[in-house]
Structure formats: C-alpha cells, structure tokens
There are 2 protein chains.
Amino acid sequence: MAKPPKENSPITEHLAYLLAQANREINRQLELRLSKEGVPVEQWRILKVLSDGEGHSMGELADAVLLNHPTLTKMIDRMVSDTLVYRVQDPGDRRKVLMFISDRGKVLCKKLNSLAVDQEEHILESYGDKSTSELKRLLESLIDSSN
Amino acid sequence: MAKPPKENSPITEHLAYLLAQANREINRQLELRLSKEGVPVEQWRILKVLSDGEGHSMGELADAVLLNHPTLTKMIDRMVSDTLVYRVQDPGDRRKVLMFISDRGKVLCKKLNSLAVDQEEHILESYGDKSTSELKRLLESLIDSSN
DNA sequence: TTGAAAATATTGAATATTCAACAATTGAAG
DNA sequence: CTTCAATTGTTGAATATTCAATATTTTCAA
C-alpha cells in the first residue's frame with residue numbers, strides 16, 4: 001500500500017501547517033487570558049525574560065522573545081512609557097543598551113504569570129500530562145535539529 | 001524532588017513559547033524555499049486549497065489558510081491581479097464569492113509543491129521519520145482537544 | 001595609532017495587518 | 001408578505017511590522 005505522492009497531500013498534513021495551526025490556537029488562548037491585564041503576549045515574554053533582574057541587551061532580548069530588532073525597539077518604547085522597563089547604557093560596551101524590569105513591571109509580571117499558568121493547567125487537563133510533556137520534548141528536539 | 005512552581009519557570013519551558021519558536025523556524029525555512037518563486041507562504045496555502053478545483057468561499061478559505069477576512073481579501077486582490085485565482089459570485093447564495101484557481105495558478109502551485117516537499121524531506125533527514133510522524137500526531141491531537 | 005570593517009541599536013518610509021463600520025443578501029419570526 | 005436579525009465580504013482608517021539607511025561604538029589588522 002504505497003503512500004500518495006506528497007505533492008498531492010492536503011495542506012493539513014504538512015508539518016509547517018500543523019505547527020502554524022497549533023501555534024495560532026494556543027496563542028489565541030493565551031492572548032485571551034493576558035488581555036485581562038491588557039498586555040500582549042510579546043510584552044509578557046519580555047517581562048519574563050527580564051525578571052531575572054539581570055540587564056539584557058536589545059539583541060539578546062530580540063532573540064529570546066522572537067521579535068526582530070526594530071519591532072522590539074518600538075515595543076520597548078511603549079513599555080518604557082508605561083514604566084514597566086527601563087534602559088541603561090551598557091558601561092562595558094557603549095553600543096549596547098541594557099534593559100531592566102521596573103518594580104511596576106515585576107508586579108505586573110507576577111499577575112501575568114499566574115494567568116499563563118492557568119492556561120497551561122487548562123491544557124494539561126484537556127490534552128493530558130503525558131502528551132504535553134512528550135510534545136514539548138519533540139518540539140525542543142525539532143528546534144535543536146534546525147540549527 | 002518537587003518541581004519548581006510554574007510561575008518561576010523560564011519562558012522557554014512554556015508550550016506556547018516552544019510552539020512559537022518551532023513555528024517560526026520551520027516557517028522561515030519554508031519561506032526561504034518559496035522565495036525562489038517569489039511567493040509568500042500564505043499564497044501557497046491558498047493555491048493548494050484551491051487546487052482541488054472546487055470553488056471555495058472567502059470565509060472557508062480564511063479558516064483553511066489561517067488568515068482573518070480582511071487580510072485574505074487584500075491578498076486575494078493581489079493574486080487576482082497576478083491572474084493566479086479568480087472570483088465568481090456564488091449563484092446559490094449571492095452574498096458569497098467563490099474562489100477558483102487559474103491555469104497559471106495551477107502551474108505555479110506545482111512548482112511550489114515540489115519546493116515544499118524538498119523542505120519536508122530535509123526535515124525528515126535531520127529530524128527523523130519517527131519523530132516527525134509522532135510530532136504530527138501530537139499536534140493534530142492538540143488542535144483537536146482545543147475545540 | 002589609524003582606518004576600515006563589524007556589531008549594536010534606532011529611525012523613517014514603505015508595506016501589511018487589524019479593527020470597526022459598511023453594503024448586500026439571506027433567513028426567519030411574526 | 002414584511003421586517004428585523006444574522007451572514008458574508010469588502011473598505012478605510014488606525015495600528016503594527018518590516019526593510020533599508022543611519023549613527024555610534026568597538027574590533028582588529030596594517
């Protein structure tokens with residue numbers, strides 16, 4: 001029983017499509033929760049990365065939160081206006097800017113974290129503990145193998 | 001050995017983040033291949049869905065290719081200009097528009113399909129046959145459980 | 001030491017996406 | 001039938017993202 005040639009396979013069977021679909025759905029759910037605090041997913045990611053208290057450069061941040069540089073710059077501008085984060089010039093390399101989370105940012109981040117945990121728990125419930133950790137494992141390994 | 005509380009877990013452990021990261025990477029690779037024909041991923045998806053020769057309404061298409069309605073309308077406008085697809089008013093329900101793929105669209109779609117197959121084969125090589133099909137299975141089931 | 005190349009972040013213009021309002025058609029209740 | 005709500009698709013204004021160009025600082029070779 002030969003498989004049909006891939007060229008004719010429906011779009012829904014492509015890995016790229018399944019990833020896009022799953023990402024869209026999970027993201028939509030998360031967005032919905034975070035919107036309780038009026039914060040987009042990307043800002044939560046930024047706050048979470050910065051909440052280690054260390055200073056992170058823009059380039060580092062852009063990689064970590066999956067945004068390209070100009071988009072990040074403009075989002076950080078907004079977050080600075082909202083006094084959630086602040087910029088400090090890196091004394092060791094003055095090309096760089098180090099980003100820090102403010103106290104207000106920390107408070108917000110905590111609230112957001114618990115909203116996000118809500119979601120993860122909801123997924124665990126409907127999707128199962130085992131499937132979830134297996135899926136995470138496979139995704140990590142896919143990401144690894146792509147570099 | 002208790003797990004740490006989720007609130008302190010790094011962003012990289014969240015399912016939502018892993019999905020975003022994997023999606024970004026796979027999409028980037030696919031984009032790179034399709035750019036050989038100068039076509040964005042979404043247009044390939046549209047062509048692929050329409051290549052069954054049936055007419056599909058805008059709403060149906062929007063769902064299938066993961067775009068919201070106004071974005072799809074504008075992308076279809078471009079594709080109509082490029083004579084890859086065309087609009088026909090649905091005779092049975094005149095609110096609807098049925099989209100069809102043109103001959104030119106079919107030719108392009110074939111080329112794109114083989115570029116996409118290239119990518120899937122590349123993934124199979126570096127990531128493995130077994131992991132790939134297991135990942136697809138888990139993604140499908142995650143999507144199912146989210147509805 | 002100097003000067004060219006690389007790295008880092010930002011800006012502004014061009015492009016794309018989204019939100020809300022709209023127009024057209026259909027469905028369905030009274 | 002008639003009217004009013006729901007469905008479908010598009011439009012325009014507001015918003016966001018991206019690309020290319022820029023400014024600044026650092027690195028490093030000559």
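To find a chain, count down the sequence lines: A is the first, B the second, and so on, and within it residues start at 1.
- Rounding to whole angstrom units, CG of residue A:Asp77 and P of C:dG12 are separated by 11 Å.
- Going from atom CE of A:Met79 over to atom P of C:dT10 covers 14 Å, rounded to whole Å.
- Residues from residues 89-101 of chain A placing a heavy atom under 4.0 Å of any atom in DNA chain D, listed by number, are A:Asp93, A:Arg94, A:Arg95.
- Residues that satisfy the side-chain hydrogen bond (donor to acceptor under 3.5 Å, both in side chains) test with B:Asp77, not counting sequence neighbours, are B:Arg87.
- Between the CG atom of B:Leu67 and the P atom of D:dT8 there is a distance of 18 Å, rounded to whole Å.
- The side-chain hydrogen bond (donor to acceptor under 3.5 Å, both in side chains) search around B:Arg28 returns B:Glu25, not counting sequence neighbours.
- Within the 4.5 Å cutoff, the side chain of B:Trp44 has heavy atoms near those of the B:Leu30 side chain.
- Listed by chain and number, the residues in a side chain to side chain contact (heavy atoms under 4.5 Å, CB included) with B:Lys106 are B:Ile101, B:Asp103 (sequence neighbours excluded).
- Counting only residues at least two apart or on different chains, no salt bridge (charged side-chain N to carboxylate O under 4.0 Å, His left out) pair has a member in residues 30-47 of chain B.
- Looking at residues two or more places apart in sequence or on another chain, you find no side chain to side chain contact (heavy atoms under 4.5 Å, CB included) involving B:Asp63.
- In this structure A:Arg137 satisfies the salt bridge (charged side-chain N to carboxylate O under 4.0 Å, His left out) test together with A:Glu134, sequence neighbours excluded.
- Distance B:Glu42 CD to C:dA16 C1': 11 Å, rounded to the nearest Å.
- Taking every heavy atom of residues 19-31 of chain A and every atom of DNA chain D, no pair lies under 4.0 Å.
- B:Ser131 places no side-chain N or O within donor-acceptor distance of the main-chain N or O of B:Gly128, the cut-off being under 3.5 Å.
- In terms of modelled atom types and a separation under 3.5 Å, the side chain of B:Ser57 and the main chain of B:Lys96 share no donor-acceptor contact.
- Qualifying salt bridge (charged side-chain N to carboxylate O under 4.0 Å, His left out) partners for A:Arg95, counting only residues two or more places apart in sequence or in other chains: A:Asp93.
- Residues A:Leu61 and A:Leu67 are not in side-chain contact: their nearest non-hydrogen atoms beyond the backbone lie 4.5 Å or more apart.
- No side-chain donor-acceptor contact under 3.5 Å links B:Ser35 to the backbone of B:Gly38.
- Residues from residues 69-76 of chain B placing a heavy atom under 4.0 Å of any atom in DNA chain D, listed by number, are B:His69, B:Pro70, B:Thr73, B:Lys74.
- Taking A:Ala22 as the reference, B:Leu19, B:Leu139, B:Leu142, B:Ile143 meet the side chain to side chain contact (heavy atoms under 4.5 Å, CB included) condition, with sequence neighbours excluded.
- The side chain of A:Arg87 places an N or O atom within less than 4.0 Å of a non-bridging phosphate oxygen (OP1 or OP2) of C:dT10.
- Within residues 51-66 of chain B, the residues that have a heavy atom under 4.0 Å from DNA chain D are, in order of number, B:Ser57, B:Met58, B:Gly59.
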